[in-house]
Peer 1: 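The structure under discussion is supplied below as structure tokens; questions concerning it will follow.
Note: hydrogens, waters and symmetry copies are ignored here, and every other heavy atom, side chains too, is used. This chain uses plain numbering: 1 for the first residue, then up along the sequence. We count ligands from 1, going down the list as the structure has it; atoms in each ligand are counted the same way. Computed from a prediction, not measured in an experiment: that's the story for all the values here.
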Amino acid sequence: MPLTLHHMGLSQSERIIWLAEELGIDYKFVKHNRDPVFAPQSIKDLHPSGSAPVMVDDPSPVTNSKVVIAESGAIVDYIIAVYGGGRLALTPKDGAEYPHYIEWFHVANGSLMPAVGRMMITRSTGADPDSPLVKRMVDKWNSGLETLDARLAETGAYLAGKELTAADIMNFFALTTMRGFFPVEFDTEKHKNILAYLQRVGERPAYQKAMKLCEGDDFVPLLQAKATQFDLMKNISPK
Ligand SMILES: N[C@@H](CCC(=O)N[C@@H](CS)C(=O)NCC(=O)O)C(=O)O
């Protein structure tokens, strides 16, 4: 089995394991523990980015040599193209859902994750909530959620349309596990479509299997309006 997927606990690399489970492909799973919050040396040794996920394909059927990639979107695209027969990705042949697919796929790392990251930093460093910059960041996060909720209201199912695609796999972490790093509560009215989506995805056997593999049998995915906060954040709270 040439494909090895490296996951770091409580991180966005859960996306890659979930993708592999949805596609039903063979892979070797390697888990790395945070040290204690950031990436351990074992992740840094794999790729200069020093971040998770990392995919190692050795030998890659594309190059006949070792391929190492450390960027979620690139790994998702690579696995779907090389091992997934194009499943879970849409193309122009899929018609009206294609532009939604491509937009939402890129919203994940282009807008949603940066918005979540900024929220986490402002809250964990105790930034002044009345500063115009902090207010603008909060607005961006709130309007991102509003847009996402409106899209889910339109489809009644997933981000591109009626079926799960890689666009969902890219965005889901920001709505779930990421909320364990800072307190964001969804509103049962304003975010009702997001909340229904969390339940819909949470029922998928591939998602359940991936989360158990990534975080252990006792881990409860953060699929409710309120998210349990991870203890590891105490290590980097301002004194
Ligand atoms: N844009 C990258 C971001 C990767 C990233 O920042 N991963 C985080 C985990 S969620 C990480 O490794 N953090 C630990 C560190 O930077 O020390 C991707 O999508 O793969």
Peer 1: State the atoms of ligand 1, each with its element, that fall below the 4.0 Å cut-off from a heavy-atom position in E71.
Peer 2: 1 (N), 2 (C), 18 (C), 19 (O), 20 (O)

Peer 1: Judging by distance only, is a nitrogen or oxygen of G73 under 3.5 angstrom from one on ligand 1?
Peer 2: no

Peer 1: Any idea which of P114, A52, P40, G117 brings a heavy atom closest to atom 12 (O) of ligand 1?
Peer 2: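 Nearest option to atom 12 (O) of ligand 1, by heavy atoms: A52.
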
Peer 1: Provide the number and element of each atom of ligand 1 under 4.0 Å from a heavy atom of R15.
Peer 2: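 Heavy-atom distances to R15 below 4.0 Å select 19 (O).
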
Peer 1: Who gets closest to atom 9 (C) of ligand 1 by heavy atom: A70, S11, G9, G110?
Peer 2: S11

Peer 1: Report all side-chain donor-acceptor pairs from residues 78-90 shorter than 3.5 Å, counting only partners two or more places apart or in another chain.
Peer 2:
{"residue": "Y78", "atom": "OH", "partner": "D57", "partner atom": "OD2", "Å": "2.6"}
{"residue": "Y78", "atom": "OH", "partner": "S60", "partner atom": "OG", "Å": "2.8"}
{"residue": "Y83", "atom": "OH", "partner": "D57", "partner atom": "OD1", "Å": "2.7"}
{"residue": "Y83", "atom": "OH", "partner": "D57", "partner atom": "OD2", "Å": "2.9"}
{"residue": "R87", "atom": "NE", "partner": "G84", "partner atom": "O", "Å": "3.1"}
{"residue": "R87", "atom": "NH1", "partner": "L23", "partner atom": "O", "Å": "3.3"}
{"residue": "R87", "atom": "NH2", "partner": "L23", "partner atom": "O", "Å": "3.1"}

Peer 1: Using a 4.0 Å cutoff against the non-hydrogen atoms of P53, which atoms of ligand 1 qualify?
Peer 2: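 Answer for ligand 1: 20 (O).
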
Peer 1: Considering non-hydrogen atoms of the protein only, which is the closest contact for atom 6 (O) of ligand 1, and what is the distance?
Peer 2: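 It is Q12 NE2, 3.8 Å.
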
Peer 1: Between S49 and E71, does any side-chain donor sit less than 3.5 Å from a side-chain acceptor?
Peer 2: no

Peer 1: Is R204 salt-bridged to E22, going by a charged N under 4.0 Å from an acidic O?
Peer 2: yes

Peer 1: Which atoms of ligand 1 sit under 4.0 Å from any heavy atom of M8?
Peer 2: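 Answer, ordered by atom number: 9 (C), 11 (C), 12 (O), 13 (N), 14 (C).
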
Peer 1: Of all the atoms in ligand 1, which lie at a distance below 4.0 Å from a heavy atom belonging to A39?
Peer 2: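 In order of numbering, the contacting atoms are 14 (C), 15 (C), 17 (O).
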
Peer 1: Which bit of N109 is near ligand 1, meaning a heavy atom under 4.0 Å away: side chain, backbone, both or neither?
Peer 2: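 It is the side chain that touches ligand 1; the backbone stays farther off.
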
Peer 1: For E215, is there an ion pair with K31 - N to carboxylate O distance below 4.0 angstrom?
Peer 2: yes

Peer 1: With a 6.0 Å cut-off on ring centres, are F172 and W18 close enough?
Peer 2: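 Ring-ring flag for F172/W18: true, centres closer than 6.0 Å.
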
Peer 1: Would you give me the side-chain donor-acceptor pairs under 3.5 Å for residues 127-139, sequence neighbours excluded?
Peer 2:
{"residue": "D128", "atom": "OD1", "partner": "D130", "partner atom": "N", "Å": "2.8"}
{"residue": "S131", "atom": "OG", "partner": "L133", "partner atom": "N", "Å": "3.3"}
{"residue": "S131", "atom": "OG", "partner": "V134", "partner atom": "N", "Å": "3.2"}

Peer 1: Do any N or O atoms from the side chain of D149 and from the backbone of L145 form a donor-acceptor pair under 3.5 angstrom?
Peer 2: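 Looks like no, no N/O pair under 3.5 Å.
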
Peer 1: Give me the nearest non-hydrogen protein atom to atom 16 (O) of ligand 1 as residue plus atom name, then the distance to 0.1 Å.
Peer 2: G50 O, 4.2 Å

Peer 1: Compute the ring centroids of H6 and H32, then answer whether they are less than 6.0 Å apart.
Peer 2: yes

